[in-house]
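By convention here, the first residue in the shown sequence is residue 1. Only a predicted model underlies this, so the values are computations on that prediction, with no experimental measurement involved.
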Amino acid sequence: MSATESMNKQQVNSNLPDDNGEQLLPSDQHNEGSVDYFNHSDPHHPDHVDASSNKVLGFFVYLMTDLVLFATFFAAYSVLNVGVADGPGPKDIFDLKFVLVETFLLLISSITFGFAMLGAFDKNLPKLRLWLIVTALFGMGFVAMEVYEFHHLIVEGFGPSRSGFLSSFFSLVGLHGLHVTFGICWLFFMLYQLGKFGLSERVMTRLRCLSLFWHFLDIVWICVFSLVYLTGVSL
């Protein structure tokens, strides 16, 4: 067989369908079966990739609607925070050091969630599970401190019915706390799904949505800490 005929035969074979019935391009021969988990592109399953991206995009749109909800509560607090009705003001009830510890717990949980996602991209299930559990523990610590703060204020007679300021404070901070509680429940649900299904494409998509949700809550808390606590103590 001549050299020309041999080259033509190789070109024909390179364009034959693979086991999945799909035509392989020359560049696919070196990347056959590989998936880029950072770009989430699988050349053999483009429809699955599009569906996963659409789900993440849809969840991002939901977060924007949730942002409108938080913006409404922020606006209400901005109007009502001066309505103390001869009751305590922000300076009288806020313990900035206590809240600062809360803030660090939530911010560190955002970092640990990042480590969890790195484990997911590396297909390292033990690492992923470990950092998800650590993230949940930091989140539980944050919620526990928030519940203690609310309980302490109510016992002291500074409940949400005392004044417009306290009503808007409990509403805004409590709304964020409910979101964090839901996020913790979601974390444990994902741990259950990892144990049952492994790191499938569907589980990976849900992890990406949860990651967006958790980091979103961190950003909202930074706004709460700045507007409610820092501004309240400095006025």
Check for me whether the distance between the ring centres of Phe59 and Tyr62 falls short of 6.0 Å.
yes

With rounding to the nearest 0.5 Å, note down the distance linking NE2 in His179 to CH2 in Trp221.
14.0 Å

Strictly under 6.0 Å, is that where the ring centroids of His176 and Phe225 end up?
no

By side chain to side chain donor-acceptor pair (under 3.5 Å), Gln193 pairs with (sequence neighbours left out) Arg206

Looking at Ser109 and Thr135, would you say the former's side chain and the latter's main chain have a donor-acceptor pair under 3.5 Å?
no

Using modelled atom types only, decide if a donor and an acceptor are shared between the side chain of Arg162 and the backbone of Gly157 within a distance under 3.5 Å.
yes

Give a yes or no on whether the backbone of Leu207 and the side-chain of Ser211 come within a donor-acceptor separation of less than 3.5 Å.
no

Determine, using ring centers only, whether Phe113 and Trp186 are less than 6.0 Å apart.
no

Compute the ring centroids of Phe169 and Phe158, then answer whether they are less than 6.0 Å apart.
no

Would you tell me whether Asp95 and His152 have side-chain atoms, one donor and one acceptor, within less than 3.5 Å of each other?
no

Closer than 3.5 angstrom, by distance alone: can the side chain of Ser234 be matched with the main-chain N or O of Thr231 as a donor-acceptor pair?
yes

Between Lys123 (side chain) and Leu199 (backbone), is there a donor-acceptor pair under 3.5 Å?
yes

Between Thr205 and Glu201, is there a donor-acceptor pair closer than 3.5 Å when you use the side chain of the first and the backbone of the second?
yes

Using only atom types and a distance under 3.5 Å, with no angle test, would you say the side chain of Asp122 pairs donor to acceptor with the backbone of Gly119?
no

Can you tell me how far CG of Asp66 sits from CZ of Phe216, rounded to the nearest 0.5 angstrom?
4.5 Å

Could you grab the distance from atom CG of Leu194 to atom OG of Ser200, nearest 0.5 Å is fine?
8.5 Å

